[in-house]
**Student:** 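A single structure is presented below for examination.
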Amino acid sequence: MRNVKAAVCIKCGAEYAAGNDTYTCKKCGGVLEIVYDYDYIKSQLNREKLAARKDFSIWRYLELLPIEEGSRLGPLRVGWSPLYKTEKLGEMLGLKNLYVKDDGINPTSSLKDRASAIAVARAFHAGKDTVACSSTGNAASSLAGGAAAMGLKSVIFVPERAPQGKVTQLLIFGATVISVKGNYEETFRLSAAAIEKYGWYNRNAAINPYLSEGKKTVSLEIAEQLGFKAPDYVAISVGDGCTIAGVWKGFKDLYAVGLIDKLPRLISVQAGGCCPVNRAIERGANGRPAPIEWMDENTLADSIAVGAPRNGDKALAAIQESNGITINVSDEEILAAMRLLGRSAGVFGEPAGVTGTAGLVKAAGQGLIPADALVVSVVTGNGLKDVVSAQKAASAASGTMAANGGASNLLRIAPDMALLTEEFSRRGIG
Ligand SMILES: Cc1ncc(COP(=O)(O)O)c(C=O)c1O
Ligand SMILES: [Zn+2]
């Protein structure tokens, strides 16, 4: 890979040759970061070249990705998700320049497709026939889908609480699914032992440094879609911490090659019932975060119910380096954000998918975001993945769940126009 210099430990700085799929530092156990030859990339890439490209997927940014020469790239169209200017939502939050990036439109309906596309390309190039990971659900479905499209087998470990929609995706994509009777931490440990034993390609995001590189494409797109401008703020939900780390890496890379001229502040949003990353920042002193302490996984936002974040160090660095803001939200605030996004923007996100927006709502309410700031909220997963939570969100609107069949704006009625007219006039509809 001419564009990649090395994989460097973020803790001790030890360097490893790029491309040999060393995942964690052999000296200190720290996670690695992929370091690019920015001068070389500058000589290969500029705004005009990018603007002329017809490939509207993550592969339009090949110069900034850790892909070996001659690799087979997955056929699924990952990335180039829409960036909507959400006027109505912006008005409601008092933000004049609010955008929502809907990553739920990816092939398996989450941002994780970006990372899995890199994983399957690298696995295929390395001659592996089986890929594996543990996941709260979305990394799993994205890996299974990406693997299926490349003719690879997948073995997937999920905690038993993973929503049915995500497990169903796995089964449809033909993965071997191990539903672990335990929490995410236990699931992760079992997967790590099995991957080691059987020698499968390891897509465990927190330890495979190539995967943040896929996730960072969301930032490359945001900047390009804004006309090579960095937003002032980017709100994103945080579980293991790989996604926020990827988002930060994307902006840093763009800045390093001169494609943007400033960096955004990140808004790291976690569920109050499981916020070990944010808590470490909040409890920090003298410009340093406190050590991450594990927490219970107490939130309905299953994808970010990560009590022992695997990529905490990278996430903490991203929040700190970006002069970021931490916001914790309740499950009720997450459900409210699902309704708000659906009703004001036509975007349907799963609970963890809209947690960034829930945090933005709170931050805006607290006056933390200037009205004219350029703000992007990334919706990281589609609402249909977890219909049970979506139904909760819909029916929580006015507490009429039992009375009205589960949703405040759902009318159950006999096929009778007179009854319908009566109901409409009672509700002021029409
Ligand atoms: C929809 C969704 N949002 C956010 C996240 C958080 O990403 P990370 O665990 O990398 O912090 C995940 C992770 O599974 C996810 O699936
Ligand atoms: Zn190290």
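All ligand and atom numbering here is 1-based and tracks the order in the structure. Since the model is a prediction, treat every value here as computed from it, not as a measurement. Sequential numbering from 1 along the given sequence is applied to the chain's residues. Just the heavy atoms: all of them, side chains too, but no hydrogens, waters or symmetry mates, feed the values below.
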**Student:** What protein heavy atom lies closest to atom 16 (O) of ligand 1? Include the residue and the distance to one decimal.
**Tutor:**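 Protein heavy atom at minimum distance: Asn138 ND2, 2.7 Å.
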**Student:** Looking at CZ of Arg114 and OG1 of Thr243, how far apart are the two atoms once the value is rounded to the nearest 0.5 Å?
**Tutor:**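 It is 10.5 Å, given to the nearest 0.5 Å.
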**Student:** I need the atoms of ligand 1 closer than 4.0 Å to a non-hydrogen atom of Ile304, numbered in the order shown.
**Tutor:**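 Once the distances to Ile304 are compared, the set is 4 (C), 5 (C), 6 (C).
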**Student:** Assess the side chains of Asp240 and Asn311: does a donor N or O sit below 3.5 Å from an acceptor N or O?
**Tutor:**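 Side chains of Asp240 and Asn311: no pair found under 3.5 Å.
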**Student:** I'd like to know if Ser110 contacts ligand 1, where contact means a heavy-atom distance under 4.0 Å to any ligand atom.
**Tutor:**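 Ser110 does not count as a contact of ligand 1 under the 4.0 Å cut-off.
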**Student:** What angle, to the nearest 10°, do the atoms SG (Cys28) and SG (Cys12) form about the Zn ion (ligand 2)?
**Tutor:**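 With the Zn ion (ligand 2) as the vertex, the angle is close to 120°.
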**Student:** When you compare the side chains of Lys166 and Ser303, does any donor N or O come within less than 3.5 Å of an acceptor on the partner?
**Tutor:**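 Side chains of Lys166 and Ser303: pair found under 3.5 Å.
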**Student:** Give a yes-or-no answer on whether the side chains of Glu350 and Asn138 include a donor-acceptor pair shorter than 3.5 Å.
**Tutor:**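 The answer is yes; a qualifying pair exists.
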**Student:** Heavy atoms only: which of Ile244, Val306, Val354, Thr243 lies closest to atom 7 (O) of ligand 1?
**Tutor:**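 When every heavy atom of Ile244, Val306, Val354, Thr243 is considered, Thr243 comes closest to atom 7 (O) of ligand 1.
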**Student:** Hey, are Glu321 and Trp248 close enough side-chain-wise for a donor-acceptor pair under 3.5 Å?
**Tutor:**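 Note: Trp248 and Glu321 side chains meet the donor-acceptor criterion.
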**Student:** Can you see whether Tyr201 engages Asp129 through a side-chain donor-acceptor pair at a distance of less than 3.5 angstrom?
**Tutor:**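 The criterion, which ignores hydrogens and geometry beyond distance, is not satisfied for Asp129 and Tyr201.
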**Student:** If you count the atoms of ligand 1 from 1 in the order shown, which ones are under 4.0 Å from a heavy atom of Glu350?
**Tutor:**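 Answer, ordered by atom number: 1 (C).
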**Student:** Give the atoms of ligand 1, by number and element, whose distance to some non-hydrogen atom of Val238 is under 4.0 Å.
**Tutor:**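 Within the 4.0 Å cut-off of Val238, ligand 1 contributes 11 (O).
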**Student:** For atom 4 (C) of ligand 1, what's the nearest protein heavy atom and its distance?
**Tutor:**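 Of every protein heavy atom, Ser237 OG, 3.1 Å lies nearest to atom 4 (C) of ligand 1.
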**Student:** What atoms in ligand 1 come closer than 4.0 Å to a heavy atom of Gly239?
**Tutor:**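 Selected atoms, number and element: 6 (C), 8 (P), 9 (O), 11 (O).
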**Student:** For atom 9 (O) of ligand 1, what is the nearest protein heavy atom, given as residue, atom name and distance?
**Tutor:**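 The answer is Asp240 N, 2.8 Å.
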**Student:** Could you check Lys128 against Trp200 for side chain to side chain contact (heavy atoms under 4.5 Å, CB included), going step by step and ending with a plain yes or no?
**Tutor:** CA-CA 7 Å; Lys128 300 277 187 179; Trp200 303 316; over 6 Å; no
**Student:** State whether a side-chain donor-acceptor pair under 3.5 Å links Glu282 with Thr326.
**Tutor:**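 Thr326 and Glu282 do have a side-chain donor-acceptor pair below 3.5 Å.
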**Student:** Can you sort out which atoms of ligand 1 are near Ser303, meaning under 4.0 Å from one of its heavy atoms?
**Tutor:**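 Near Ser303, meaning under 4.0 Å from one of its heavy atoms, ligand 1 has 2 (C), 12 (C), 13 (C), 14 (O), 15 (C), 16 (O).
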**Student:** Relative to the heavy atoms of Thr380, which atoms of ligand 1 are at a distance of less than 4.0 Å?
**Tutor:**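 Numbered from 1, ligand 1 contributes 1 (C), 2 (C), 3 (N), 4 (C).
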**Student:** Would you indicate whether Arg53, at its atom CZ, is surrounded by more than 12 heavy atoms from other residues, nucleotides or ligands within a distance under 6.0 Å?
**Tutor:**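 Counting neighbours around CZ of Arg53, more than 12 heavy atoms of other residues, nucleotides or ligands fall under 6.0 Å, so yes.
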**Student:** Select the closest option to atom 11 (O) of ligand 1 among Gly241, Ala352, Ser268, judged by heavy-atom distance.
**Tutor:**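 The nearest heavy atom belongs to Gly241.
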**Student:** If you stand at the Zn ion (ligand 2) and look out to SG of Cys9 and SG of Cys25, what angle do those two lines make, to 10°?
**Tutor:**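 Here the angle at the metal atom is close to 110°, to 10°.
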**Student:** So is Cys242 polar-close to ligand 1, meaning N/O to N/O under 3.5 Å?
**Tutor:**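 It does: an N or O of Cys242 is found under 3.5 Å from an N or O of ligand 1.
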**Student:** I'd like to check which ligand 1 atoms, numbered from 1 as shown, lie under 4.0 Å from a non-hydrogen atom of Lys112.
**Tutor:**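 Result: 7 (O), 8 (P), 9 (O), 10 (O), 12 (C), 13 (C), 14 (O), 15 (C), 16 (O).
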**Student:** Take atom NZ in Lys262; do more than 12 heavy atoms of anything else shown fall under 6.0 Å from it?
**Tutor:**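 Counting neighbours around NZ of Lys262, more than 12 heavy atoms of other residues, nucleotides or ligands fall under 6.0 Å, so yes.
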